[in-house]
Amino acid sequence: MSFSYPASWSVRTQRGPGREGPGFQPVEAIVSDGTGADLFRIASGADGIGCTAGPVSRTVLDEAAVPGMTEVDGSTPLFGFIVERIGSQDQYAMAVMNRRNLQEGDVGSHCTLLVMGNGGSVNQVIFVDQPATLATRSAFNSRQGAKEWMVTEQYAQLKALILSLKYS
């Protein structure tokens with residue numbers, strides 16, 4: 001996998017999620033900004049990972065095709081910035097997803113697992129106030145706050161990074 005990012009940002013790699021085995025060598029790249037804050041993670045070559053879904057009400061705030069990626073079934077994944085209402089709380093996600101995870105309305109919660117030629121790939125933008133695992137609180141105080149973030153340089157840089165992803 002490869003991608004473009006601002007010169008002041010850095011990338012480190014580590015063993016990715018899932019199990020290793022014949023044909024599977026999970027690796028994860030974590031992108032940090034110039035201050036060292038982690039902003040984005042993507043893993044490839046994973047086996048033994050999956051997603052569980054619960055009922056949510058999803059709104060898509062932004063989406064676009066990621067032309068450098070193709071899932072095993074031939075589909076082109078999409079960049080998406082979404083908000084899902086879970087109970088009385090909004091949860092935000094920004095990642096590359098299968099198009100089914102960008103359907104609006106009452107649906108199952110999103111998943112960033114993509115089925116690629118070397119196994120599973122998962123990814124996500126890391127919001128500063130969210131843990132690396134499932135979010136337990138909202139990344140923004142309101143949907144209006146999320147929309148205001150969408151006009152910032154950081155949003156544009158993260159979206160450009162995601163759209164530049166190439167996976168072979």
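- The shortest distance between side-chain heavy atoms of Met1 and Val27 falls below 4.5 Å.
- Under the 4.5 Å side-chain heavy-atom criterion for ILVMFWY residues, a single connected hydrophobic cluster contains both Val96 and Val11.
- Note: Leu61 CG to Met150 CE = 5.5 Å, rounded to the nearest 0.5 Å.
- In this structure, Ser44 and Tyr167 approach most closely via the heavy-atom pair CB-OH, 2.8 Å.
- No donor-acceptor distance shorter than 3.5 angstrom exists from the side chain of Asn123 to the backbone of Ala95, with no hydrogens or angles considered.
- Remark: the backbone N or O of Glu28 is not paired with any side-chain donor or acceptor of Arg12 at under 3.5 angstrom.
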Under 3.5 Å, which donor-acceptor pairs do the side chains of residues 65-80 form with other protein atoms, sequence neighbours left out?
unit_1 : atom_1 : unit_2 : atom_2 : d
Glu71  : OE1    : Val115 : N      : 2.9
Glu71  : OE2    : Asn98  : ND2    : 2.8
Asp73  : OD1    : Ser75  : N      : 2.9
Asp73  : OD1    : Ser75  : OG     : 2.6

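- Between the CD atom of Gln157 and the CG atom of Asp33 there is a distance of 9.0 Å, given to the nearest 0.5 Å.
- Rounded to the nearest 0.5 angstrom, Ser2 OG and Ile42 CD1 are separated by 10.0 Å.
- The minimum heavy-atom distance linking Tyr92 with Ala146 is given by the pair CE2-CB, 3.5 Å.
- Atom CD of Glu104 sits in a crowded spot, with more than 12 heavy atoms from other residues, nucleotides or ligands closer than 6.0 Å.
- Pairs engaging residues 56-85 under the disulfide bond (SG atoms under 2.5 Å apart) rule: none recorded [sequence neighbours left out].
- The OG1 atom of Thr112 sits 7.0 Å away from the CG atom of Leu114 when rounded to the nearest 0.5 Å.
- Considering NZ of Lys159 and CD of Gln154, their distance stands at 15.0 Å, rounded to 0.5 Å.
- Residue Arg15 places its CZ atom among more than 12 non-hydrogen atoms of other residues, nucleotides or ligands, all under 6.0 Å distant.
- Between the side chain of Asp90 and the backbone N or O of Val83, no donor-acceptor pair lies under 3.5 Å.
- Hydrophobic clustering, with ILVMFWY side chains joined whenever heavy atoms are under 4.5 angstrom apart, groups Ile86 together with Val107.
- A donor-acceptor pair under 3.5 Å is formed between the side chain of Ser109 and the backbone N or O of Gly54.
- Gln91 and Glu84 are not linked by any side-chain donor-acceptor pair at a separation below 3.5 angstrom, with hydrogens and angles left out of the test.
- Distance CZ/Phe40 to OH/Tyr5: 13.0 Å, rounded to 0.5 Å.
- Screening Ile162, Leu161, Leu163 for a side-chain contact (heavy atoms from CB on, under 4.5 Å) involving Phe3 leaves a single residue, Leu161.
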Could you please spell out the steps behind the side chain to side chain contact (heavy atoms under 4.5 Å, CB included) verdict for Leu39 and Ile126?
-> CA-CA 5 Å; Leu39 298 176; Ile126 303 165; 5.8 Å; no
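- Scanning both residues, Ser121 and Ala43, for their nearest heavy atoms gives OG-O, 2.8 Å.
- In plain terms, the two heavy atoms of Ser164 and Ser4 that are nearest each other are OG-N, 2.8 Å.
- For the ring pair (Phe, Tyr, Trp, His ring centres under 6.0 Å) condition, the pairs that include at least one residue of residues 146-166, sequence neighbours left out, are Phe81-Trp149, Phe81-Tyr155, Phe127-Trp149, Phe140-Trp149, Trp149-Tyr155.
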